[in-house]
Amino acid sequence: MAPSNFIRAIIDEDVETGKWDGRVMTRFPPEPNGYLHIGHAKSICLNFGLANDFGGRCNLRFDDTDPSKESMEYVESIKADVRWLGFDWQDREYYASDYFERLYDYAVTLIKAGKAYVDDLSPEEIRQYRGTLTEPGKNSPYRGRSVAENLDLFTRMRDGEFEDGARVLRAKIDMAAPNLLMRDPTLYRIKHVSHYRTADRWCIYPMYDFTHCLSDSIEKITHSLCTLEFEINRELYDWVLDALAVYHPQQIEFARLNLTHTVLSKRKLIELVKGGIVDGWDDPRMPTLSGIRRRGYTPAAIRNFCERIGVAKANSTVDIALLEHSVREDLNQNAMRVMAVLNPLKVVITNYPEDRQEELEADNNPENPSAGSRRIPFSRVLYVERDDFREEAPRKWFRLAPGREVRLKHAYYITCNEAVKDEQTGEVIELHCTYDPQTRGGWSQDGRKVKGTLHWVSSAHAVEVEVRLYDHLFSKEDPNAVAGGEDFKEGINPDSLQILPNCRVEPALADAKPGSRYQFLRLGYFCVDPKYSAPGKPVFNRTVTLRDTWAKIEKSQKNKA
RNA sequence: UGAGGGAUCGUCUAGUGGCAGGACGACGGGUUCUGGCCCCGUUAACCUAGGUUCGAAUCCUAGUCCCUCAGCCA
């Protein structure tokens, strides 16, 4: 069971008092005008999670009332993302556009009750009549039209007699209301635009404030959860339902998710995609669910994350380290361990026979013995990580350096005797080491210990692959906090993507399936990219690094120096 | 300067009149064939000022700061 929060407290009480006959009915109501991101995941987990925990149901409802922005492509991507996250709406897949006829009838009812009128004012005029935050608005000259005239005009709006923007249907509330939203809000506008589901059946479309509450009402929602920016809308939500005297759910607002080093506004995300700054909506650096999925995150990791961050009414920004922790936790338990060398440095085992090779046993996951083991080839020429060798070992260095002995994971102890350099550049291009045949499998009978254990691959057997290393898309903790005139895109991390074309991995990985996840020993978790991999030629995305204690030690050593 | 909301460790979040707890991070240690995982420990908070009370994060009063709203978007 998820930790408690103020919404659970409300539902607990409602269940106890029988307010909704013990029912819990929620809904996730996206507009199909873009891709879902990690912020939506919070809402999805909340709505479906609550319904699940209280024995209720959660609907998937598309709030598709603005045909100029919506499409089936978005509907499909949203459904795929919700399903991927692990939630099931069964047959309850609803569309506000399916309610258009009933919504129209409700509007007519409102007109007949003298609670709505057709206004001929232009958008500009409506804005002027609305007043300001501190001054009241004034009534439209068309506000006093008779019910009959309003009915006639509204019918003709529907019939397509008028141009876009010529007239709107407005609720007749109070032009002096302190809440601007209550100053005769627009209920219907004319848009001669084809809708992706209703095609050309309609040329008038209902506004959010009219549609959402009534859709909730139609679906007998009990708790209508939305984000804080809709607090102002609640008064109107309640007004519409009261005016029509229909079933009346309770709207409850919670704070949307913000993440450090990340932007989550739809506008900014679109800008990144359209500007070609990222490789589409599913770029592994994007906070979209499709991007996160391609990056290698698991649904369970996202769900755990959403549970951990909690739900409250205060604006807050979650440290992205918590997201990273969640995926490490899942992958540590479930990802198969393999060896990969990102920046290969050649190692020749000088006392190992040239024509010999052997296979060594390697466990697939120490966290899960049932994952079994595999055999990996060993031979005279190997690759190790360039970073694992230093000509001059710093303090606390456990790895390879001249004269140092280390363990090759699952293999042998080796001792570095010589670093061969390029005569021109002075760069170390090869290491000459000797191995101890008595340490096969990585154990020494004489009980001597080595501090360091390195990952490696056999040169002759290794497969060359491309690996993509990702870092936060934004260097700044809060990319939204930009000085006047500055563009948020200036905060983009120039090193957020690093492509390494010449990495070496264990031979078995040549056939790794797209989407499959591994731990590259001592490096991090990696996932086979579904977009750029080809059969026999996988491309690996780094999901997240392993925690790196040595990097911290080194950093603090540098700071002291 | 209208209306509606919100302030608890560095971050996120519990607590609703009775020992301010958890998670992440940071720091230190133990363990280890991954400088991973795991384990142990340390650090560290009630926006301010009054009041009520035996006792206040919680109730009252007055402030301060932050967020949202002037789309025919959602």
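Heavy atoms only: backbone and side chains are in, while hydrogens, waters and symmetry mates are out. Naming convention: chains lettered A, B, ... in sequence-line order (proteins, then strands); numbering from 1 in each chain.
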When the C1' atoms of B:A45 and B:A23 are considered, how many whole Å apart are they?
-> 15 Å

Between atom CG in A:Leu454 and atom C1' in B:G36, what is the gap in whole Å?
-> 14 Å

Do the side chain of A:Glu229 and the base of B:G4 come within less than 3.5 angstrom through a donor-acceptor pair of N or O atoms?
-> no

Given B:C27, is OP1 or OP2 found less than 4.0 Å from the side-chain N or O atoms of A:Lys552?
-> yes

Any cation-pi pair here, A:Arg61 with A:Tyr94, using under 6.0 Å and within 45°?
-> no

Rounded to the nearest angstrom, tell me the gap between atom CZ in A:Arg328 and atom P in B:A23.
-> 18 Å

B:A44 versus B:G22 - spacing of their P atoms, nearest Å | 15 Å

Calculate the interatomic distance between A:Leu236 atom CG and B:A3 atom P; express it in whole Å.
-> 19 Å

Interatomic distance, A:Arg256 CZ vs B:U13 C1' [rounded to whole Å] = 20 Å

When we call it a touch if two heavy atoms are under 4.0 Å apart, what does A:Tyr188 touch: a base, just sugar-phosphate, or nothing?
-> nothing

With a non-hydrogen cut-off below 4.0 angstrom, is A:Gln519 in contact with a base, only sugar-phosphate, or nothing?
-> base

Between B:G4, B:G71, B:G6, which nucleotide gets closest to the side-chain atoms of A:Arg127?
-> B:G71

What integer distance in Å separates A:Ile173:CD1 from B:C69:P?
-> 19 Å

Looking across every strand, which nucleic acid part, if any, lies under 4.0 Å from A:Val311 by heavy atom: base, sugar-phosphate, or nothing?
-> sugar-phosphate

Length of the line joining A:Leu521:CG and B:U32:C1', which is rounded to integer Å | 13 Å

When all nucleic acid strands are considered with a 4.0 Å heavy-atom cut-off, which category describes A:Asn332: base, sugar-phosphate, or nothing?
-> base

Looking at the side chain of A:Glu31, which of B:C72, B:A74, B:A3 is the nearest nucleotide?
-> B:A74

Shortest side-chain distance from A:Leu133, nucleotide among B:C69, B:A7, B:G36 = B:C69

What integer number of Å spans the P atoms of B:G63 and B:G21?
-> 34 Å

Write down the distance separating the C1' atoms in B:U13 and B:U8, rounded off to the nearest Å.
-> 9 Å

Distance check: side-chain N/O of A:Arg547 vs OP1/OP2 of B:C37, anything under 4.0 Å?
-> yes

Identify, between A:Pro206 and A:Ile232, the residue whose nearest nucleotide on RNA chain B lies closer to the 5' end.
-> A:Ile232

For nucleotides B:G2 and B:A62, find the distance between their P atoms and express it as a whole number of Å.
-> 16 Å

Are A:Glu307 and A:Arg303 close enough for a salt bridge, meaning some N to O gap below 4.0 Å?
-> no

Which part of the nucleic acid, if any, lies within reach of A:Ile553 when heavy atoms closer than 4.0 Å are counted: base, sugar-phosphate only, or nothing?
-> base

So what does A:Leu322 hit on the nucleic acid, given a heavy-atom distance under 4.0 Å: a base, only sugar-phosphate, or nothing?
-> sugar-phosphate

Toward the 5' end of RNA chain B, which comes first, A:Lys42 or A:Asn179, by nearest nucleotide?
-> A:Asn179

When you check the phosphate oxygens OP1 and OP2 of B:G71, does a side-chain N or O of A:Arg130 lie under 4.0 Å from one of them?
-> yes

Provide the distance between the two C1' atoms, one in B:A49 and one in B:G15, to the nearest whole Å.
-> 24 Å

Please measure how far the P atom in B:C54 lies from the corresponding atom in B:U48, and state the result in whole Å.
-> 24 Å

Under the 3.5 Å rule, do the base of B:G35 and the side chain of A:Arg399 count as making a donor-acceptor pair?
-> yes

Answer yes or no: does a side-chain N or O of A:His325 lie under 4.0 Å from OP1 or OP2 of B:C24?
-> yes

Does a nitrogen or oxygen in the side chain of A:Arg522 sit under 4.0 Å from OP1 or OP2 of B:G35?
-> yes

Evaluate ring-ring contact (aromatic ring centres under 6.0 Å, His included) for A:Phe378 paired with A:Trp456, printing each intermediate quantity in order.
-> CA-CA 9 Å; A:Phe378 183 89; A:Trp456 54 276; 5.3 Å; yes

Looking at every strand, decide which applies to A:Ser4 at a 4.0 Å heavy-atom threshold: base, sugar-phosphate, or nothing.
-> sugar-phosphate

Using the C1' atom on both, measure B:C59 against B:C46 and round to a whole Å.
-> 16 Å

Using the glycosidic torsion, which applies to B:G71: syn (within 90° of 0) or anti (everything else)?
-> syn

A:Glu163 atom CD: more than 12 heavy-atom contacts under 6.0 Å | no

May I ask you to say what A:Ile309 touches in the nucleic acid, namely base, sugar-phosphate or nothing, with a heavy-atom cut-off under 4.0 Å?
-> sugar-phosphate

Counting any heavy atom closer than 4.0 Å, what does A:Leu121 reach on the DNA or RNA strands: base, sugar-phosphate only, or nothing?
-> base

Please tell me which of the listed nucleotides, B:C72, B:A74, B:U13, lies nearest to the side chain of A:Ala312?
-> B:U13

Could you tell me whether the side chains of A:Arg197 and A:Ser97 share a donor-acceptor contact shorter than 3.5 Å?
-> yes

Reported CG-to-NE2 distance for the pair A:Asn332 and A:His325, which is rounded to 0.5 angstrom = 10.5 Å

Base paired to B:U68 (Watson-Crick or G-U; both N/O distances under 3.5 angstrom) = B:A3

Report yes if a side-chain nitrogen or oxygen of A:Thr549 is closer than 4.0 Å to either non-bridging phosphate oxygen (OP1 or OP2) of B:G36; otherwise report no.
-> yes

Can you tell which of A:Lys409, A:Arg407, A:Arg399, A:Arg404 makes a salt bridge (charged side-chain N to carboxylate O under 4.0 Å, His left out) with A:Asp388?
-> A:Arg399

So what does A:Lys191 hit on the nucleic acid, given a heavy-atom distance under 4.0 Å: a base, only sugar-phosphate, or nothing?
-> sugar-phosphate

Atom CZ of A:Arg308 to atom P of B:G21: distance rounded to whole Å?
-> 21 Å

When you look at CZ of A:Arg158, are more than 12 heavy atoms from neighbouring residues, nucleotides or ligands closer to it than 6.0 Å?
-> yes

Scan A:His410 against the nucleic acid and name what it touches under 4.0 Å (heavy atoms): base, sugar-phosphate only, or nothing.
-> base

For A:Ser68, answer base if it contacts any base atom (sugar-phosphate contacts may also be present), sugar-phosphate if it contacts only those atoms, and nothing otherwise; contact means non-hydrogen atoms under 4.0 Å.
-> nothing

Which part of the nucleic acid, if any, lies within reach of A:Ile126 when heavy atoms closer than 4.0 Å are counted: base, sugar-phosphate only, or nothing?
-> base

Between A:Glu477 (CD) and B:C24 (C1'), how many Å, whole number?
-> 13 Å

B:U34 base to A:Arg337 side chain: any donor-acceptor pair below 3.5 Å?
-> yes

Give a yes/no answer on whether the side chain of A:Thr65 brings an N or O atom under 4.0 Å of OP1 or OP2 in B:A74.
-> yes

Taking atom types as modelled and ignoring hydrogens, do the side chains of A:Arg374 and A:Asn364 form a donor-acceptor contact shorter than 3.5 angstrom?
-> yes

Given A:Tyr188, which of A:Phe210, A:Phe162, A:Tyr205 fulfils the ring pair (Phe, Tyr, Trp, His ring centres under 6.0 Å) condition?
-> A:Phe210

Does B:C73 have OP1 or OP2 sitting under 4.0 Å from an N or O in the side chain of A:Arg189?
-> yes

Touch class at under 4.0 angstrom, heavy-atom based, for A:Pro366 against every strand present | base

